[in-house]
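Positions are given from 1 along the sequence. Just so you know, these numbers come straight off a predicted model, no measurement behind them.
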Amino acid sequence: MNMTIKNRVLKAIHNFLILLLRIERRLEPWFRPQWDYLFREPGSRLIQFLINRRRKNKDSDLELAEERFDPDEEESLNKIIDLMMDQMRGRFKPGGYERGGNTKTHGIVRATITIRDDLPEHCRKGIFANPRSYPAYIRYSGPGPNVPADINDVGFMSMAMKIMGVPGEKLMSEEKLTQDFIATSGGATFVTPNTRENAKLQYWSLVDMTLYYFLNPKDSHLLDFFMQSLWTATQYNPLGQRYWSCTPYLLGEGQAMMYSFVPKTKEVERHIPGLPFGTPPFNYLRENMIKTLNEKDVEFDLMIQVQTDPHLMPIEDSSVRWPEKLSSFIPAATIHIPRQKFDSDAQFEFSKRLKMNPWHCLPEHRPLGNINRARFRMYYELSRFRQEMNETTHLEPTGNEVFD
């Protein structure tokens, strides 16, 4: 079989599997809640056991919050950036470039984050040091790299919060008074364990056969596939989902944390018109956000989890879920999203000028691990490329912006 025929066969199989997945997504509201209740946590624990068994004692010699650099990190990062830029060139036209990741904007909303006054002393580091409130913008988005109808998306979302008016030195000089927190709803683990594997994922994404990153018999990632499958699902409303950082960050010198946005508002709009076999609105997630924020305020808890075991809670392997039995999540702040109108064209244009980067941060919250080290240059170069292609400029917001 020549290469052209082989590629066509692989593409046909991939498209058939995606079709089956999309049919399943349309049926999930009738069975997925019960399935998750019975199998999600037991399944996650079993898969995590197998992942850790494969890892053996890797990184067990590291101290808490200690990093280990791989010699091929720069090579992997260069591949990722090149491949993602190629994806953007193939999917978008100048003036209409979207982000390479966290691509489809469901909405960007105003919020206030209030640091709690009952945090344990060892958690009072960086932005959590003093109980006070800050203005913030929160961008809810789909994973990308495409901008499909919501019902056809991958099955998880992102929540990126830019806190403003934060004093002190920052690790990226392009913004002076911001602290960014970025999280996804696809469970507590990242889609790839490290940048080396992420470069492979970006290749398969470029040729529009992403499933083969997981299913390639010559280089499979089945455990990661099963873990992601437990947590990706039909989405109902970005305002009613839990999000995880998936990668670690400093919590003061010598101490590492993961964080999570946990919804406090129990009742948000969840209806998806047209299921199972009709045509749901292209942007039903945005429409459900609009319906919710027309009627009520919404709140999240910002929770933090402190690393207590260098092996079972690793810095350099993002496929490992930090066990809550070793360290539970602690409520660190409350995020309040007031009722508001956020769907004007001006507000969506404003979102294109924003750069979300976890390195917009205080030194006390320096991103840790190879995925986060890659994000410093990757996010910077991809956002600069996107804004150049759109002939727009970067804006550091203040919270005083006015949208017509």
Q) Can you check whether M157 reaches Y243 side chain to side chain, under 4.5 Å on heavy atoms? A) yes
Q. For F329, is the NZ or CZ atom of R242 found under 6.0 angstrom from the centre of its six-membered ring and inside 45 degrees of the ring axis?
A. yes
Q: Please identify each residue that fulfils ring pair (Phe, Tyr, Trp, His ring centres under 6.0 Å) with F342, with sequence neighbours left out.
A: none
Q.
Could you check whether any side-chain N or O of Q48 sits under 3.5 Å from a backbone N or O of R321, counting only pairs where one atom can act as donor and the other as acceptor?
A. yes
Q.
Could you check whether R373 pairs with E67 (Lys NZ or Arg NE/NH1/NH2 to Asp/Glu carboxylate O, under 4.0 Å)?
A. yes
Q. Got D70 and R196 here, is their nearest side-chain heavy-atom distance under 4.5 Å?
A. yes
Q) Where do T308 and M313 land on the side chain to side chain contact (heavy atoms under 4.5 Å, CB included) test, with the steps shown first? A) CA-CA 7 Å; T308 59; M313 307 170 79; 3.4 Å; yes
Q) Could you go step by step and tell me if R139 and T105 meet the side-chain hydrogen bond (donor to acceptor under 3.5 Å, both in side chains) rule? A) CA-CA 7 Å; R139 178 179 179 266; T105 300; 2.8 Å; yes
Q | Among P331, S260, S327, C123, the one residue meeting side chain to side chain contact (heavy atoms under 4.5 Å, CB included) with I304 | A | C123
(Q) Donor-acceptor pair, distance only, cut-off 3.5 Å: does the side chain of E174 make one with the backbone of M172? (A) no
Q.
Check whether S205 reaches the backbone of L201 with its side chain - one donor and one acceptor, N or O, closer than 3.5 Å.
A. no
Q.
Salt bridge or not between E75 and K79? Use side-chain N to carboxylate O under 4.0 Å.
A. yes
Q | Distance-only donor-acceptor check, side chains S141 and R99, under 3.5 Å | A | no
**Q.** With sequence neighbours excluded, residues passing salt bridge (Lys or Arg N to Asp or Glu O under 4.0 Å) with E269
**A.** none
Q) Around atom CZ of F16, are there more than 12 heavy atoms of other residues, nucleotides or ligands at under 6.0 Å? A) no
Q) Just by modelled atom types, is the A65 backbone N or O under 3.5 Å from a matching donor or acceptor in the Q307 side chain? A) yes
Q | Closest contact, heavy atoms only, Y249 versus S245 | A | CE1-CB, 4.0 Å
(Q) If you define the side chain from C-beta out and look only at heavy atoms, does anything of L275 sit under 4.5 Å from I151? (A) yes
Q. Looking at M356 and A160, what are the two nearest heavy atoms and their distance?
A. CE-O, 3.7 Å
Q. Parallel under 30°, tilted from 30 to 60°, perpendicular over 60°: which one fits the rings of Y212 and W204?
A. tilted
Q | N/O donor-acceptor pair under 3.5 Å between H221 side chain and Y213 backbone | A | yes
**Q.** Spacing of CD1 belonging to I337 relative to CD1 belonging to I138, to within rounding of 0.5 Å
**A.** 4.0 Å
Q: State, with a plain yes or no, whether a side-chain heavy atom of P397 is found less than 4.5 Å away from one of L354.
A: yes
Q) Do any N or O atoms from the side chain of K176 and from the backbone of S173 form a donor-acceptor pair under 3.5 angstrom? A) yes
Q | Pair N390-R353, side-chain hydrogen bond (donor to acceptor under 3.5 Å, both in side chains): steps then yes or no | A | CA-CA 10 Å; N390 289 337; R353 298 187 64 190; over 6 Å; no
Q.
Between K162 and E175 (salt bridge meaning N to carboxylate O under 4.0 Å), is one present in this structure?
A. yes
Q: Working to the nearest 0.5 Å, report the span between CD1 of I81 and CG of D86.
A: 12.0 Å
Q | Ring-ring centroid check Y97 F385, cutoff 6.0 Å | A | yes
Q) What distance do F214 atom CZ and T192 atom OG1 have between them, rounded to the nearest 0.5 Å? A) 8.5 Å
Q. Are the ring centres of F39 and W35 closer than 6.0 Å?
A. yes
**Q.** Residue pair N146 / R91, side-chain donor-acceptor N/O under 3.5 Å
**A.** yes
(Q) Heavy-atom count check: over 12 atoms from other residues, nucleotides or ligands less than 6.0 Å from D345 CG? (A) no
**Q.** side chain to side chain contact (heavy atoms under 4.5 Å, CB included) assessment of D301 paired with F261
**A.** CA-CA 6 Å; D301 277 325; F261 300 122; over 6 Å; no
Q | Cation over ring face, R40 and W231, 6.0 Å, 45° | A | yes
Q. On the ring face of Y134, is R132 found with NZ or CZ under 6.0 Å from the centre and within 45° of the axis?
A. yes
Q) Under the criterion side chain to side chain donor-acceptor pair (under 3.5 Å), which of E316, R68, E73 is the partner of N370? A) E316
(Q) With no hydrogens and no angle check, just 3.5 Å: does a side-chain donor-acceptor pair link N237 and T292? (A) yes
Q. Do you see a donor-acceptor pair shorter than 3.5 Å between the side chains of E324 and Q305?
A. no
Q. Between I127 and L362, is any pair of side-chain heavy atoms under 4.5 Å apart?
A. yes
Q: Taking the side chain as every heavy atom from C-beta outward, state whether D224 and E197 have any pair of such atoms under 4.5 Å apart.
A: no
**Q.** Heavy atoms of other groups near N130 CG, more than 12 under 6.0 Å
**A.** no
Q | Q347/E401 under side chain to side chain contact (heavy atoms under 4.5 Å, CB included): CA gap, chis, key distance, verdict | A | CA-CA 9 Å; Q347 198 151 338; E401 290 76 18; over 6 Å; no
Q | Non-hydrogen side-chain atoms of F181 and M159 separated by less than 4.5 Å | A | no
Q. Do the side chain of D150 and the main chain of Y284 share a donor and acceptor less than 3.5 angstrom apart?
A. yes
**Q.** Criterion side-chain hydrogen bond (donor to acceptor under 3.5 Å, both in side chains) on N283 and K104, from CA distance to verdict
**A.** CA-CA 10 Å; N283 294 317; K104 183 180 182 180; 2.9 Å; yes
Q | Euclidean distance, M85 CE relative to Q202 CD, rounded to 0.5 Å | A | 12.5 Å
Q: Could you tell me whether R53 atom CZ has more than 12 heavy atoms of other residues or ligands within 6.0 Å of it?
A: no
Q: Determine yes or no for a side-chain-to-main-chain donor-acceptor pair under 3.5 angstrom, with K200 supplying the side chain and D219 the backbone.
A: no
(Q) Does any part of the side chain of D153, heavy atoms only, come nearer than 4.5 Å to the side chain of L285, both counted from C-beta? (A) no
Q) Please, which pairs that meet ring-ring contact (aromatic ring centres under 6.0 Å, His included) have at least one residue in residues 303-325, sequence neighbours excluded? A) none
**Q.** From CG (N78) to CG (D72), nearest 0.5 Å
**A.** 11.0 Å
(Q) Quiz question: by atom type and distance under 3.5 Å, do the side chains of Y137 and R110 form a donor-acceptor pair? (A) yes
Q: Rounded to the nearest 0.5 Å, what's the gap from CZ on R26 to CZ on R22? Could you check?
A: 9.5 Å
(Q) Using a 6.0 Å cut-off, check whether atom CD of E253 has over 12 heavy atoms from anything other than its own residue. (A) no
Q | N372 side chain to P248 backbone, donor-acceptor under 3.5 Å | A | yes
Q. Between the main-chain N or O of E299 and the side-chain N or O of T265, is there a donor-acceptor pair closer than 3.5 Å?
A. yes
